[in-house]
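Start at 1 and go down the list; that is how both ligands and their atoms are numbered. All of these numbers come straight from a predicted model, not from anything done at the bench.
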Amino acid sequence: MKLLQGKTALITGASRGIGRGIAMKYAQEGANVAFTYISSVEQGEEMVKELEAFGIKAKGYLSDASDFKVADELIADIVATFGTLDIVVNNAGITKDNLLMRMSEEQWDDVIRVNLKSVFNIVKAAQKPMLKQRSGSIINISSVVGIKGNAGQTNYSASKAGIIGFTKSVALELGSRNIRSNAIAPGFIETEMTSALDEKTVQSWRNSIPLKRGGTTEDVANVCVFLGSNMSAYVTGQVLNVCGGMLT
Ligand code: NAP
């Protein structure tokens with residue numbers, strides 16, 4: 001029996017990187033997958049075919065998670081299309097790095113809106129079907145910098161710290177209805193984005209990690225399978241660091 005057989009999952013921001021890795025792993029584990037993206041239309045359409053090859057139902061949505069009304073419509077469409085919504089992975093995120101001295105109001109607002117408000121939007125809408133069915137697993141992708149901070153990322157680390165507070169509050173509010181809420185804090189995960197960086201710099205990052213390597217999208221996806229599945233039935237309100245021991 002596959003770990004997510006018969007469950008329906010929404011993964012936001014899944015056209016590439018970590019979100020794509022989660023969507024693929026979820027399909028492999030038998031989940032029906034709804035996923036979103038903001039601009040990668042071609043990749044999104046191609047991905048539906050790749051997901052369906054695992055024998056599950058898949059649908060991609062061009063949908064801005066940071067827009068309250070759009071997020072509400074997204075959840076309504078998913079419930080109408082798939083019948084249920086069992087797992088939500090809030091993964092969509094952006095960076096607009098700058099030292100505080102140079103950070104514009106726009107850079108602050110954009111990152112808080114896309115990274116943090118999106119989580120409120122999606123969970124606010126998704127709690128309705130989850131409350132009805134009296135079950136659900138919410139997984140919010142934070143970051144180790146939401147725990148320890150990072151120079152040049154006041155906006156990003158504030159958004160990721162905000163996600164942790166939100167996750168814990170939702171766990172307290174919805175626990176009695178069998179709805180779980182957890183966060184994942186990835187460390188340095190190697191994606192297409194990081195492959196464009198200077199190899200020497202990347203190697204020095206790897207050397208500073210106790211497990212001596214960057215993480216893979218699969219490392220994060222495996223933890224999402226655990227938190228989405230019944231294997232974690234007694235786990236809620238937690239932050240799981242997936243960082244090779246970078247933050248202990
Ligand atoms: P990525 O490769 O840049 O992918 C971001 C995804 O989010 C894309 O699919 C993008 O869609 C989508 N997206 C952006 N804005 C959106 C919006 N408003 N609505 C819906 N979708 C939106 O990012 P990543 O590196 O995989 O990171 C994924 C998550 O993990 C983020 O929350 C990030 O903060 C977190 N994280 C990453 C690392 C790391 O080392 N990579 C470490 C810690 C935490 P389009 O393709 O259409 O633009």
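Short contacts between ligand 1 and Ser142, defined as distances under 4.0 Å to a heavy atom of the residue, involve ligand atoms 44 (C). Close approach of ligand 1 to Ser143 (heavy-atom distance below 4.0 Å) involves ligand atoms 43 (C), 44 (C). The distance from ligand 1 to the heavy atoms of Ile141 drops below 4.0 Å at these ligand atoms: 30 (O), 35 (C). Atoms of ligand 1 found under 4.0 Å from any heavy atom of Ala92, numbered from 1 in the order shown, are 7 (O), 20 (C), 21 (N), 22 (C), 32 (O). Near Ser63, meaning under 4.0 Å from one of its heavy atoms, ligand 1 places the atoms 19 (N), 20 (C). Residue Gly17 has at least one heavy-atom neighbour below 4.0 Å for each of these atoms of ligand 1: 2 (O), 26 (O). Near Gly187, with a cut-off below 4.0 Å to any heavy atom, the atoms of ligand 1 are 40 (O), 42 (C), 43 (C). Atom numbering of ligand 1 starts at 1 in the shown order; those under 4.0 Å from a heavy atom of Gly93 are 5 (C), 7 (O), 31 (C), 32 (O).
Heavy-atom minimum distance, Ala58 versus Leu51: CB-CB, 3.7 Å. Looking at every heavy atom in both residues, Gly228 comes nearest to Tyr26 through CA-OH, 3.9 Å. Of all the heavy atoms in Val41 and Tyr37, the pair that sits closest is CA-CE1, 3.7 Å. Here the closest non-hydrogen pair linking Ile141 and Cys224 is CD1-SG, 4.2 Å. Nearest heavy atoms, Ser229 versus Ser232: O-OG, 3.1 Å. Heavy atoms only, all atoms of each residue included: Ala125 and Pro129 are closest at O-CD, 3.4 Å.
Ranking the protein heavy atoms by distance from atom 9 (O) of ligand 1 puts Ser15 OG, 2.7 Å first. Protein heavy atom in closest approach to atom 13 (N) of ligand 1: Ile38 CG2, 3.8 Å. With respect to atom 34 (O) of ligand 1, the closest heavy atom belonging to the protein is Tyr156 OH, 2.5 Å. Atom 7 (O) of ligand 1 has Gly13 CA, 3.4 Å as its closest protein atom, hydrogens excluded (heavy atom only).
Looking at heavy atoms from C-beta onward, Asp67 lies in side-chain contact with Lys69 at the 4.5 angstrom threshold. In this structure, Lys25 and Leu4 have side chains that are not in contact, with every pair of non-hydrogen atoms separated by 4.5 Å or more.
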For Arg113 and Glu106: C-alpha separation, side-chain torsions, deciding distance, then whether salt bridge (Lys or Arg N to Asp or Glu O under 4.0 Å) applies. CA-CA 10 Å; Arg113 183 174 46 79; Glu106 193 184 3; over 6 Å; no
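Of the residues Glu45, Glu46, Glu52, the one that meets the salt bridge (Lys or Arg N to Asp or Glu O under 4.0 Å) test with Lys49 is Glu46.
Side-chain N/O atoms of Asp219 and Thr216 include a donor and acceptor closer than 3.5 Å. A donor and an acceptor atom, one from each side chain of Asn182 and Gln238, are nowhere located under 3.5 Å apart.
Comparing Pro186, Ser40, Gly19 by heavy-atom distance to atom 43 (C) of ligand 1, the nearest is Pro186. For atom 17 (C) of ligand 1, the choice among Asn115, Ile18, Asn121, Asp64 with the nearest heavy atom turns out to be Asp64. Counting heavy atoms only, Val114 comes closest to atom 15 (N) of ligand 1 of the residues Asn91, Val114, Ile184, Thr36. When Ala14, Ser39, Ser159 are ranked by how near their heavy atoms come to atom 47 (O) of ligand 1, first place goes to Ser39. With atom 4 (O) of ligand 1 as the reference point, the heavy atom nearest to it among Arg16, Lys117, Met47 is part of Arg16.
Heavy-atom contacts from other residues, nucleotides or ligands closer than 6.0 Å to CD of Glu105 number 12 or fewer.
A heavy-atom separation below 4.0 Å is not found between Gly215 and ligand 1. Remark: distances from the non-hydrogen atoms of Gly44 to ligand 1 are all 4.0 Å or more. The closest approach between a heavy atom of Glu190 and any atom of ligand 1 is not below 4.0 Å. Residue Gly21 places no heavy atom under 4.0 Å from ligand 1.
With a 6.0 Å cutoff to the six-membered ring centre and a 45° limit on the axis angle, Lys57 counts as a cation-pi contact of Phe82.
At under 3.5 Å, a nitrogen or oxygen of Ile189, whether backbone or side chain, sits near a nitrogen or oxygen of ligand 1. Annotation: Ala65 places an N or O atom under 3.5 Å from an N or O atom of ligand 1; distance criterion only.
For atom 23 (O) of ligand 1, the nearest protein heavy atom lies 4.0 Å or farther away.
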